[in-house]
There are 4 protein chains.
Amino acid sequence: MVSKEERRINIIEAAVKVFSKKGFHKARMEDIAKEAGIGKGTIYEYFDSKKHLFYEMIKHNVNLYKDNIKVILEKESNLEERLLGICRYHGRFISEHIDMAQSIISQSHLIDDEMKCWLFNERMNIFTIFLDIFKDSQKKGELRKDLNIEAAVLSLIGTINQYYSKKIFAEGLSYEEIDPIPVLDVLLKGIE
Amino acid sequence: MVSKEERRINIIEAAVKVFSKKGFHKARMEDIAKEAGIGKGTIYEYFDSKKHLFYEMIKHNVNLYKDNIKVILEKESNLEERLLGICRYHGRFISEHIDMAQSIISQSHLIDDEMKCWLFNERMNIFTIFLDIFKDSQKKGELRKDLNIEAAVLSLIGTINQYYSKKIFAEGLSYEEIDPIPVLDVLLKGIE
Amino acid sequence: MVSKEERRINIIEAAVKVFSKKGFHKARMEDIAKEAGIGKGTIYEYFDSKKHLFYEMIKHNVNLYKDNIKVILEKESNLEERLLGICRYHGRFISEHIDMAQSIISQSHLIDDEMKCWLFNERMNIFTIFLDIFKDSQKKGELRKDLNIEAAVLSLIGTINQYYSKKIFAEGLSYEEIDPIPVLDVLLKGIE
Amino acid sequence: MVSKEERRINIIEAAVKVFSKKGFHKARMEDIAKEAGIGKGTIYEYFDSKKHLFYEMIKHNVNLYKDNIKVILEKESNLEERLLGICRYHGRFISEHIDMAQSIISQSHLIDDEMKCWLFNERMNIFTIFLDIFKDSQKKGELRKDLNIEAAVLSLIGTINQYYSKKIFAEGLSYEEIDPIPVLDVLLKGIE
DNA sequence: TATGAATGAGTCTTCATTCAT
DNA sequence: CATGAATGAAGACTCATTCAT
């Protein structure tokens with residue numbers, strides 16, 4: 001016996017696996033059902049369509065990401081510690097949800113206007129969380145006064161993405177094996 | 001009358017437009033044919049399949065990107081000028097070929113092992129071009145001695161991607177309107 | 001608490017509403033259950049399948065129709081009064097059970113051979129009731145001696161159907177508002 | 001080699017056969033394709049959907065019916081001859097297109113509002129053609145002055161429907177074997 | 001060489017029916 | 001008895017690809 005909500009999560013988790021492995025179009029509803037250990041039709045008791053399942057999966061994971069980032073930021077007050085935590089979690093998130101991450105990071109043709117709007121707002125939301133942290137740090141003198149905060153946040157996200165992607169997908173490392181120090185070093189001190 | 005090669009380029013350019021607008025799966029061969037102003041069947045005189053057309057299109061654009069980056073690097077010898085040129089061209093490339101760029105940057109489920117291998121090599125190739133530039137600059141003293149060159153290159157690519165994506169897609173700017181200075185500032189001086 | 005038989009009738013009445021509104025194929029068992037205020041599975045305690053429910057519903061209504069026609073015919077002995085009663089009741093029946101009426105009047109692809117046979121017999125039965133009335137009236141001199149009784153009965157049924165259908169569906173009248181006199185006039189006197 | 005238009009008619013004729021034999025819902029697109037001697041997908045080159053094919057089929061046949069009725073009415077100027085012609089053609093039409101006829105005569109849940117409107121207008125159109133004939137005849141003195149023309153037309157249509165339906169479906173006659181005289185007799189002289 | 005009509009494999013989705021609670 | 005969550009068979013529809021002209 002599983003509750004309605006458990007079954008929902010159960011399906012979303014199967015969807016994450018199958019969409020991540022095959023991509024939206026190659027993923028068959030039957031595959032997702034099999035992965036969840038249920039019948040094809042059951043998915044439709046919980047989600048209106050393949051597209052809606054995809055949306056709900058993204059929402060679920062974006063919320064997961066946000067919640068975890070918040071926890072990390074609350075645990076630490078020191079900037080370097082915070083960046084370290086973000087690096088590690090973001091890296092782990094990329095390695096586990098690369099397609100999800102792509103959906104968050106990039107535009108998609110699957111996504112209708114309502115969803116696009118929601119995603120846009122969420123990205124802005126995450127962006128703003130980082131922005132606020134950087135503003136605080138700037139006030140506290142942890143960051144130089146003439147720093148363009150916006151560019152800094154975007155550099156943070158972009159650098160982590162590239163660095164962890166390369167280590168995970170090109171070099172085959174697992175996210176625990178990746179040393180975040182070079183990322184922090186470049187970010188903090190620049191290249192000059 | 002057009003030559004074989006002109007027609008090929010003609011089809012690839014149509015494919016760029018349609019794949020960029022609709023994504024691989026939503027793009028129909030008929031759409032591409034119409035965009036190229038030819039009949040559906042004609043595409044198959046030049047490309048074996050939709051997938052092959054997609055591959056050839058990526059190759060075409062990756063080569064274009066590489067050629068242009070090389071020209072920029074040859075034109076300038078000063079690091080900051082080079083970074084400025086890369087910023088501008090990369091930004092323009094993103095704005096014109098966002099889906100292409102995603103295909104180059106990210107993994108894709110459409111892509112078979114041979115293609116994956118080719119793409120991987122190309123990415124490494126581009127990565128190496130940047131790496132060599134940074135090594136030279138480090139020797140010349142334009143970069144600090146203790147800099148992790150690899151992290152620096154990945155930060156460069158990641159930061160440009162994020163910054164230009166945000167400006168273009170979230171703020172609706174055209175790539176000419178985007179000021180590359182904040183990107184360079186963060187990259188060169190870091191955030192501290 | 002309701003008895004087995006009350007629940008059965010309750011379901012049939014819900015079925016009438018839903019089948020009438022949506023047609024056999026568009027009507028969902030869940031809709032019927034909801035209309036009856038019970039659970040989906042409960043219907044299967046009373047009827048073997050959707051098709052059987054449909055059959056039982058038709059039987060119920062055909063019997064209703066026959067019973068009411070008999071009552072009308074017993075109440076009146078004068079031909080014109082009887083025709084008037086038939087007009088009114090048949091018109092009301094059409095307006096309330098148009099899809100039912102169509103099922104009785106026309107062939108249907110839903111209907112298997114046993115049901116077809118039963119329906120055929122019922123139609124013949126109703127036809128015979130009218131036929132007997134007309135024969136009696138012919139004997140009593142209420143109808144001309146050279147009248148083809150069969151054609152007369154079919155004309156009666158066909159004329160009422162057309163006339164009431166037009167008034168109800170094309171002109172939007174309710175069956176009480178429809179004047180049966182023109183129908184009787186044409187039937188009795190012909191057009192010449 | 002067949003022209004676009006020939007293929008269209010070809011498909012509609014196959015659709016008439018299959019829809020008539022199986023009804024809308026039981027008819028599979030594959031059946032219709034097979035009947036037309038073509039592939040499933042080809043139908044979609046000519047019709048947007050199953051529903052649209054159904055609509056186009058109805059339109060085709062309604063137009064056929066109207067054209068033939070007009071030819072019959074133009075050929076004869078005498079009322080009885082005209083009624084005879086209508087009887088025979090309408091009977092033949094019923095025997096060949098019973099489901100079509102039902103679609104014209106009855107309401108249907110398949111039919112959307114635009115189509116309903118079109119069908120309604122066509123029915124009114126056919127009704128008006130008959131009405132005009134009767135008005136002319138009334139002027140010429142072929143019909144009694146106090147006749148309700150509307151009721152007369154509806155009686156004509158209804159009586160033919162019932163009579164030919166019974167002869168064809170209950171008694172298994174072919175439409176050529178059916179004697180139209182009893183229908184005309186009842187219609188012209190009434191039952192009294 | 002270029003075409004586009006024809007094809008049919010592949011998949012989402014619906015919903016009657018079952019059965020464990 | 002009553003329920004409704006789970007099921008999976010069935011069918012409409014899409015579109016890459018072929019091939020006769």
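These figures come from a predicted structure and were not determined experimentally. Below, read A as the first sequence line, B as the second, and so on, with proteins coming before strands; counting in each chain starts at 1.
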May I have the distance from [X] (atom [atom1]) to [N] (atom [atom2]), rounded to whole angstrom?
X     : N      : atom1 : atom2 : value
D:K51 : F:dG11 : NZ    : P     : 19 Å
C:H25 : F:dG11 : NE2   : C1'   : 12 Å
C:F47 : E:dA16 : CZ    : P     : 15 Å
D:I32 : F:dG11 : CD1   : P     : 12 Å
B:F24 : F:dC15 : CZ    : C1'   : 12 Å
D:K50 : F:dA10 : NZ    : P     : 15 Å
D:K22 : F:dG11 : NZ    : C1'   : 12 Å
A:E5  : F:dA5  : CD    : P     : 14 Å

Closest-nucleotide ordering on DNA chain E, the 5'-leading residue of C:S49 and A:S49 =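 Taking each residue's closest nucleotide, the earlier one in sequence belongs to A:S49.
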message = Quick check: on DNA chain E, is the nucleotide nearest D:E45 upstream (toward 5') of the one nearest C:E30, or the reverse? Name the residue that is more 5'.
response = D:E45
Is it true that [X] and [Y] make a salt bridge, defined as a side-chain N closer than 4.0 Å to a carboxylate O?
X      : Y     : value
C:K17  : C:E35 : yes
A:R28  : A:D31 : yes
C:E122 : C:K66 : yes

ask   = For D:V18 and D:A27, which heavy atoms make the closest approach, and how far apart are they?
value =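 Heavy atoms only, the tightest pair is CG1-CB, 3.7 Å.
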Minimum-distance pair of heavy atoms, taken over all atoms of A:I11 and A:A36 = CA-CB, 4.4 Å
key: Of residues 37-44 of chain D, the positions that come close to DNA chain E - non-hydrogen atoms, cut-off under 4.0 Å   = D:I38, D:G39, D:K40, D:G41, D:T42
ask   = Is there side-chain contact between D:Y46 and D:L53, with heavy atoms separated by less than 4.5 Å?
value = no
ask   = Between F:dC13, F:dC15, E:dA16, which one does the side chain of B:R28 approach most closely?
value = F:dC15
Considering every strand and a 4.0 Å limit on heavy-atom distances, what is the contact class for [X]: base, sugar-phosphate, or nothing?
X     : result
B:K4  : nothing
A:Y46 : sugar-phosphate
D:A27 : sugar-phosphate

query = Backbone N or O of B:E6 within a donor-acceptor pair of the B:N10 side chain at under 3.5 Å?
reply =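 Checked: no pair found.
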request  = Would you confirm whether B:S20, through its side chain, and B:V16, through its main-chain N or O, come within 3.5 Å as a donor-acceptor pair?
outcome  =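 Checked: pair present.
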query = Within the pair D:R7 and E:dA6, is there a side-chain N or O less than 4.0 Å away from OP1 or OP2?
reply = yes
message = For A:E56, run the salt bridge (Lys or Arg N to Asp or Glu O under 4.0 Å) check against A:K51, A:R8, A:K50 and tell me which one passes.
response = A:R8
request  = Return the orientation label for the D:F54 and D:F19 ring planes: parallel under 30°, perpendicular over 60°, tilted otherwise.
outcome  =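 Geometry flag for D:F19 against D:F54: perpendicular rings.
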query = Stems in DNA chain F: runs of 3 or more consecutive Watson-Crick or G-U pairs, distances under 3.5 Å?
reply = E:2-21 with F:2-21
